[in-house]
Amino acid sequence: MKLYSYVIPRDYGFAPNPYFRYCTLATCKPVIRRCAQVGDWVAAFGAAGTIVHEKLVVLMRVEETLTFDQYWDDSRFISKRPVFSKGVIHMYGDNIYHHDGMNWVQELSHHSMADGSTNYINLNRDTGTDRVLVATEFFYFGNNAISIPKKFDSLIAHGIGHRVSRDTDVINNFISYMQDNYKKGVQGTPYSRKTGQFAHYKGE
């Protein structure tokens, strides 16, 4: 068992997406999506300059991995396809990639261009790892991100890239602490989201 941690500079409820019973990591962080195995944990900590700097924004246990086409076709995740005629959590759906024949399709989404055309910077980065991480056991805090005890500082990521923790004793103690002290599921709203505005990420 490993714990992968990284810095999340933008939190819109898109990557990871904690809604509709599942927490999914379907875009961004291609190395983590490629390497993390079932049973591993993924943690995201707030970036410098944000209101949640070094605080835990999300923690998820990898329960399942899918290809993008499997994710798109799975009836469990239809609710994670972006819909712009519903509420904001539907707009930030992360189920946006699938094939049309040999070609990738990128749906209108946070990672597309505002006019719905393909953003190839995001498409190439995201689909470079054709793998979606799925969790049913997760803690999502968003703007209510928490500070974790100092004894777990070795798990906190800093800067670009990610950190891999392999000390099972530390990881197990951390997970026990979380399970004993916090309710699972969605405990906050995305800290980057602004009321009445939808953001497209250009990938630059």
Side-chain angles (χ1 to χ4, degrees), residues 1-19 22-63 65 89 92 94 110-111 122 125-126 129 131-194 199 201-204:
M1 178 177 61
K2 302 181 182 70
L3 187 146
Y4 293 81
S5 61
Y6 68 97
V7 171
I8 180 170
R10 298 168 304 279
D11 172 35
Y12 291 93
F14 178 77
N17 181 300
Y19 300 113
Y22 299 91
C23 188
T24 47
L25 187 60
T27 63
C28 303
K29 310 314 295 182
V31 178
I32 292 178
R33 286 190 288 113
R34 183 174 69 245
C35 296
Q37 301 299 313
V38 171
D40 289 340
W41 290 83
V42 179
F45 292 88
T50 70
I51 61 173
V52 295
H53 181 216
E54 293 190 344
K55 292 183 178 181
L56 181 65
V57 177
V58 63
L59 175 68
M60 59 186 284
R61 179 184 179 273
V62 181
E63 181 178 307
T65 65
I89 65 173
Y92 282 101
D94 68 346
H110 178 57
H111 268 200
N122 288 330
R125 181 186 299 119
D126 293 339
T129 295
R131 200 162 185 249
V132 178
L133 306 183
V134 179
T136 56
E137 183 176 2
F138 65 93
F139 305 82
Y140 175 79
F141 299 103
N143 63 339
N144 293 322
I146 62 167
S147 297
I148 63 175
K150 296 290 289 183
K151 62 183 177 180
F152 300 125
D153 275 0
S154 63
L155 303 177
I156 299 176
H158 302 277
I160 299 172
H162 66 273
R163 171 176 291 189
V164 184
S165 301
R166 297 178 173 84
D167 189 324
T168 55
D169 288 338
V170 173
I171 297 171
N172 283 328
N173 287 337
F174 176 56
I175 300 306
S176 294
Y177 166 80
M178 293 297 300
Q179 293 171 336
D180 290 343
N181 290 278
Y182 295 96
K183 183 180 178 180
K184 295 176 184 176
V186 178
Q187 310 298 321
T189 58
Y191 72 81
S192 300
R193 190 184 294 168
K194 296 181 180 179
Y201 174 57
K202 294 182 180 180
E204 298 171 348

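All values derive from a computational prediction rather than experimental measurement. The analysis underlying the following values was restricted to heavy atoms, covering all of them including side chains, and did not include hydrogens, waters or symmetry mates. In what follows, residues are counted from 1 in the order of the sequence shown.
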For Tyr182 and Phe141, I'd like to know if the aromatic rings sit close, meaning centre-to-centre distance below 6.0 Å.
yes

Do Tyr92 side-chain atoms and Ala199 backbone N/O form a donor-acceptor pair below 3.5 Å?
yes

Say you draw a straight line from CD of Glu63 to OG1 of Thr136; how long is it, rounded to the nearest 0.5 Å?
3.5 Å

Applying side-chain contact (heavy atoms from CB on, under 4.5 Å) to Lys184 and Glu137, what does each step give before you reach the verdict?
CA-CA 7 Å; Lys184 295 176 184 176; Glu137 183 176 2; 3.3 Å; yes

What closest approach, in Å, do Ile171 and Ser165 show between heavy atoms, and which atom pair accounts for it?
CD1-O, 3.3 Å

Sub-3.5 Å donor-acceptor pair from the side chain of Thr24 to the main-chain atoms of Ala26, do we have one?
no

Check Leu3 against Phe174 and note the closest heavy-atom contact, atom names and distance.
CD1-CD2, 4.0 Å

Scanning both residues in full, the closest heavy-atom pair of Pro18 with Gly13 reads CD-O, 3.8 Å

Tightest non-hydrogen contact, residues Ser147 and Lys55, listed as OG-CE, 3.6 Å

Donor-acceptor contact present, side-chain Ser176 to main-chain Asn172, <3.5 Å:
yes

Side-chain donor-acceptor pair present, Asp11, Ser192, cut-off under 3.5 Å:
no

side-chain contact (heavy atoms from CB on, under 4.5 Å) between Phe45 and Ile8: does it pass, once the steps are laid out?
CA-CA 6 Å; Phe45 292 88; Ile8 180 170; 5.9 Å; no

State whether the side chain of Arg33 and the backbone N or O of Cys28 hold a donor-acceptor pair below 3.5 Å, judged by distance alone.
yes

Tell me if the CD1 atom of Ile51 is crowded by more than 12 foreign heavy atoms within 6.0 Å.
yes

In sequence, state the C-alpha distance, the side-chain angles, and the governing distance for Val58 and Cys23, and then conclude on side-chain contact (heavy atoms from CB on, under 4.5 Å).
CA-CA 9 Å; Val58 63; Cys23 188; 4.0 Å; yes

Report yes if the side chains of Lys2 and Trp41 come closer than 4.5 Å at any heavy-atom pair, otherwise no.
no

With sequence neighbours left out, what residues match Thr65 under side-chain hydrogen bond (donor to acceptor under 3.5 Å, both in side chains)?
none

How many angstroms lie between atom CG of Asn17 and atom OH of Tyr140, to the nearest 0.5 angstrom?
9.0 Å

Any Val170 side-chain heavy atom under 4.5 Å of Leu155 side chain:
yes

When rounded to the nearest 0.5 Å, the distance separating CG of Leu133 from CZ of Phe138 is 14.0 Å

Indicate, with yes or no, if the rings of Phe14 and His111 have centres closer together than 6.0 Å.
yes

OH on Tyr201 to OG1 on Thr27, rounded to 0.5 Å
10.0 Å

So do the side chains of Tyr4 and Arg163 get within less than 4.5 Å of each other, counting heavy atoms only?
no

Quick one: pull up CZ in Phe139 and CD in Gln179 and give me the separation to the nearest 0.5 Å.
5.5 Å

Atom CG of Asp167 and atom CG of Asn173: how far apart are they, to the nearest 0.5 Å?
8.5 Å

Using every non-hydrogen atom in the two residues, find where Ala157 and Val7 come nearest and quote the distance to one decimal.
O-CG2, 3.6 Å

Is the backbone of Val62 close enough, under 3.5 Å, to the side chain of Asp40 for a donor and an acceptor to pair up by distance?
no

Side chains of Arg131 and Arg34 in contact at under 4.5 Å (non-hydrogen atoms)
no

Please report the shortest heavy-atom distance between Asn144 and Gln187, naming the atom on each side.
ND2-O, 2.8 Å

